[in-house]
Structures are given as C-alpha cells and as structure tokens.
Amino acid sequence: MATFVLEIGSEELPSRFLAPEETELRSRFAAALAEAGLEHGAVRVMSTPRRAVLLVEDLNPVQQEKEEVISGPPARVSYGADGAPTKALEGFARTHGLSVADVFRLETEKGAYMAVRKRIGGAAAKDLLAEICPAVITALPFAKRMRWGAYSLAYARPIRWILALLDEEVVPFRLGPVDSGRETHGHRVHGPGPFSVAHADAYLKTVADLCAVTLDPALRRAAIVEGGDAQAARSGGKVLWKDSLLDEVQGLAEHPVPLLADFDPAYLEVPREVLLTSMESHQKSFGIEGADGKLMPHFLTVLNLTPEDMAVVKHGWERVLRARLDDARFFWRADLRESLDAWLDKLDHVIFIGALGSMGDKTRRLEALCRWLAERCAPQLGADLTAEAARAGRLSKADLVSGMVGEFDTLQGVMGGIYAERKGEPRAVADALKEQYLPAGPDSPLPASPVGALLSLADKADTLAGCFGLNMIPTGAADPNGLRRCALGIIRILLDFGFELDVRELFAKARELYGARQWKLPPDEAQDKLMEFFAARLRNYFMSQGQDTLLVDAALNAGAALVPDSGARLAALTAFSREAGYAEAVQTFKRVANIVRKQAAAEALPERWNAALLCEAPEKALAETLDALLPRLDALWASGDHGAALATLKEVRPAVDAFFDGVMVMCEDAALRRNRLSMLQALGSRFARLADFAALQL
C-alpha cells in the first residue's frame, strides 16, 4: 500500500476559509477515490493560511478490478433466419473490442438479450490521481474566488505551488501556470524554502522541521492556549478565551507564538465590554482577568513568528492598542456628558426603515407595545413590570446616537444598558437594554431577564409587522431585514419563558401601533401572510430539533399561534406515538376527522346530538361514552394536560370502531345523519385542538 500527499500552496487565505475548505477537500476527494475504485485507508486534511494538505494512507497503487456484464441487443434481433449474426450483434461486440464468439445469451425479466463480460479496472493509481487532483481542486467552493493573470483557473487566492506525491513518485498534472512537483515552501521567515520532499512519508517531518510550520490546526490551537495560559498565570490572571476568536487566530498563523502585552491601567475606567471589543475585534487579542473577576491591564496576542527582539514587537502591539483605547475613552467620557433625553430627541432624525418612520417613532411604538405585553404576560411574570417594560421600550435605541456605538457598532444595546445604569435608570431597564437583540441566531443566548424578553419580543414583532405591511417579505435566501431571525427569536423566547401569548394578537397590536399609514398590503392579507411565515419558521425550528415531520405538521396544523402550547402538544403527540395502539387509534380518528371535514362543509350540524334520535345500540353506547368523556377532555384541555387527553384516544376507540361497524353514518334519513355526524363532530373537534390526525400518514 502507498501514501499519497497533496499540498496546495497559495497566497494567504482568510481564516474563515480554512475549515470549510478542509471539509470540502476531504469529502470531495474521498468521493472521487471511491468512484475511481481506489481502495484506501484514513484520509486526513489539514490547513494553514498558505496551504491545504491532504494525506491518504494505505492507498492501493492499482485500481480495483471487477467483472462487469454488459447487455446488448435483444436475442431475437441478434441472429438472422440463417443463424448468422446480424449487424446489430457485430456492432455491439466491436464496440467493446470483442468478437461475436465472446457474446453470450442473458436471460432477464424483460426477456433474452445478448451480453458480454468485461474486466474493468486495474489502472495505476498514479494515472487516476493525475485526473482526480485538478478536478477536485478546481471544484472547491469558496465564499469568494479570484482569477489572476491570463488564466481561467479560479481559487480563493493565487496558487503558487502544488506538491503531489504517491510514495516517491510525482503525480503529474497542471493547474493554470503551476505544475505539480515534489517541492514545498515553508514559513516566510523561519523556513522559506523551497524544500524537496523525497517521499510522501517524509512530508510531515519536512514541514515541521525545515519549514517551521505547525500544520495541524488542533496543534496550533493547543500551542496558543498552553502558551497563553502560562504567560497569564505568571501575571496572576487568566486568559478570557473566546472560541470563535481562537479559531480565527489559529487560522492566521503557521508558526503561532503567544505574547502577553500591557496597557495603561488608566484605561480600565472604560467599561469591560468596550475594552474587550477593542482587543478582540480590532486587534484579534484576548483580555486577561484577575482572580477578583476584573480585567487586568494586559492582553494576549498571537504572533506568526518568533521575533529576534520580543520587546520591540511587544511595544508595537501596545502602541497600536493604545490608539484604539484612546478613542474608546474619549467616546466614553463624551457620552457620559450627554443626557438620555437629548439622545431620544436625536432619534427622530435617524431612519428606521424607509416608510416605517424614524427610530424615535419605533421607540414610542415599543414603549406602548412593551406595556401591552407586560399586562398580557403578567400571570407568567409574577409581578407588575409594566413601568419598567415601557421605559425600556422608550430607551431601547437611544445608544444608537452615542459616540461609542458609532465607533463600536457591535456594542449597540450593550452600551445602552451601561449608560442607562450610569444615568440612574432602574436595573431591570438597564438589563433589558443589554438583552434586547437576543437571541441573535439559532445558537445565540436568550434574554435572561423578563423585561429583556418582553423588549426583544416587542422589537422583533414591530419589525415583522411593519415589513409585512410594506410587502417586504423574504424570498429565497434574501432576507435583508433579518425577518427569519426575528421570527426565530420570538419562538425561542416564548418557548423559554412560557408566555401564553397569541402571536396573532401580538402582530395585530404591533401593526395597530403604526397608526394610519400607506401600506402595500391590506391588514388582513398582511396578517395572514405573516402568520403563514411564522408557522413555517416554527415548523423549521421543531424540525431542527430532530422532531418527526409528520408529528410536527399534525401538531402545527391544529394551531401555531400559541407557541408553548404547540410545543407541549408536539411533545405529547411524540410520546403517544411511541405507545402500543398508536397506529390503530390514529387510523380511527383520521376517519372521524375526514368524515367531519367533508360533511360539515356540506350541511349544518347541531352543536349537540339529540338523544331521542339514537336508535342503534352502537350509537347509544358511543353517546354514553361521550357524555362521560367530553367534559373530561375539556378539563384536560383547560389544564394543558395534552398527554392525558391523547391517552383517552385508546379509551374511546372501541366505542368509535363499534359505531362505524354497526351504524350507517351517511344514511338517507337527514335527521339521523346529522345527529350521528354531530356526535362525531363533538368528539373530533376536541381532538382537533390537539392535532390534525388527517396529516398523519401510517
């Protein structure tokens, strides 16, 4: 067995490109090897900013051989009346490089055909890899690709070299101006090269020793963490590691060297969030925290070389960060001199979305909507938070006109909460302002405070109602106003806090607060489209949690406006689907649902059946069962015990089955027919609140 190594050397790639490139290179190459019939062992892919490397172990140097039966013309047209082969048969044999003597008769389900046996495979892996490599490389997808020179080749950055070795042999191919070979290049300072690699097995050692490159991303990450922790510990602190930034930083260096640097303690007057944002976003560095939980006047950065004079490099990093911290301190002090009322006045000159008015208008709507929400959700809140919620709504966007948010836009909301607390607002209001944009995505944290949850709901509902009124509805992948994210945020908050809030009422109230406007969609049409959109997002959310598609559809078809209740009904239905007798019960009540759906549209049915019209024993037995069951179902619905309600399906099913077996429901007597349908409707309507049984396909 052989070892194959492919190295694609290029100009530095953005860090965010590396992980997706590794995934694509691994999957595409493994698929190509399988399609080519090349047996192999482990496939490893690693990358640095300047190279993507694929290693294939235990690769069979010869393609797997197999026999293939190829059918040709039908037997009836393969020989003439005189027994001589026809031109069709001769042409078939000639096409496959064989003679008529090599053809045999093959019996199939469709009749007799003439066929040949051919052995395929056996090609040299080197020749196959020479075709696979350029095909895979040119097909790699990137967020952005570029072309250079006069070449049509497209890649994330210009390709400078390609190493392709099968053991000691070069796998020959050409991409644009580059021919594959056995040379690799190392770190630009510590081992530029080029270095010739004699054998594929020697590649990793060459890269590590001569090239001075740490190829494995996991090892680079470990070196950064280990070195950073050691330096921070010597200063009496710990590094505030941030996984997303750590992933980015390890992708920026081939030769990572952690460096602990300092800044003037006077800058610690600036809020922690601002200091960390300045370090992380602008300098790709990490903050250092002391044993008391407070920031220390140090930061950890990662170099891509071992400098001759570490002190000089350290001073350079400190000087760059100092300029950013000077800006932050200036804006902090200037913002503290401003009043919240002055900022609110400025919001009237900041546009929200075109025809939806200013940010000042939005905060006045949010003030009213938060008050309405606090009143509606008071039972779940357990306290009167109306005043705090309304105040949070009014102040929600004030920090958008602050100098700090103008400089560090990712701190919007966060700075609003910090400034509100410094300017004497209640803690509940300040916390809500910090949390108003949460959740920012499917994996983002949720608001921790109830007022923060109410403000986030109001903000997202206001945006959704306004955009749908203007017919600004997401299509395809386009969603410039983040409406899908808004809907998902509402779903996650309602599920987490358990607010018994009808989202249809929420959206209607949000639209009402816009007042008289020139809408592009009538209110009812916009509301229906918004609810359809919201239900689709709720369905996607449950599906992303691994729920069964049919059960999700059955639960949501019964209602999606009360999100926590939808989740509770889905959970109860999922548990019920695992019980014995589930399929039989569903089948019975699908029949009930289908009959009621068809006939209720055809004729008016009484709300209550007439006991005097019950003449058959099965319908009398069903009526007796319903008299006892329906009040219990109503009580279970009121208490939200959906599991117990579904359990009664098995209890009532024998009476329903006996009713269908022994009674002609659709009889000619109109009074009897309506009376019997009325019983089914009374039962079906109760269970229809739980799930749409017609949607369950068994």
Apply the salt bridge (charged side-chain N to carboxylate O under 4.0 Å, His left out) test between Arg160 and each candidate in Glu183, Glu7, Glu11; give the one that qualifies. Glu11
[X] vs [Y] aromatic rings, parallel, tilted or perpendicular, using cut-offs 30° and 60°?
X: Phe499; Y: Phe497; answer: parallel
X: Phe142; Y: Tyr155; answer: perpendicular
X: Phe4; Y: Phe29; answer: parallel

Heavy-atom side-chain contact between [X] and [Y] under 4.5 Å:
X: Thr3; Y: Asp167; value: yes
X: Lys346; Y: Glu338; value: yes
X: Arg44; Y: Leu204; value: yes
X: Leu457; Y: Leu494; value: yes

Presence of salt bridge, [Y] and [X], under 4.0 angstrom:
X: Glu12; Y: Arg157; result: no
X: Asp399; Y: Lys434; result: no
X: Lys362; Y: Asp462; result: yes
X: Asp496; Y: Arg492; result: no
X: Arg333; Y: Glu269; result: yes
X: Glu289; Y: Arg272; result: yes

Give the C-alpha distance, both sets of side-chain angles, the deciding distance and a yes or no for side-chain contact (heavy atoms from CB on, under 4.5 Å) between Gln436 and Lys397. CA-CA 10 Å; Gln436 63 180 295; Lys397 310 303 174 185; 3.0 Å; yes
Evaluate whether atom [atom1] of [X] has more than 12 neighbouring non-hydrogen atoms of other residues, nucleotides or ligands under 6.0 angstrom away.
X: Lys238; atom1: NZ; value: no
X: Glu308; atom1: CD; value: no
X: Arg145; atom1: CZ; value: yes
X: Glu168; atom1: CD; value: yes

Determine, stepwise, if the pair Leu433 / Tyr419 fulfils side-chain contact (heavy atoms from CB on, under 4.5 Å). CA-CA 10 Å; Leu433 298 185; Tyr419 287 136; over 6 Å; no
With His255, the side-chain hydrogen bond (donor to acceptor under 3.5 Å, both in side chains) member among Thr214, Asn304, Thr306: Thr306
Chi angles and distances behind the side-chain contact (heavy atoms from CB on, under 4.5 Å) call for Met415, Asp335: CA-CA 10 Å; Met415 292 311 303; Asp335 287 343; 5.9 Å; no
Closest non-hydrogen contact found for Ala164 with Leu6 is CB-CD1, 4.2 Å
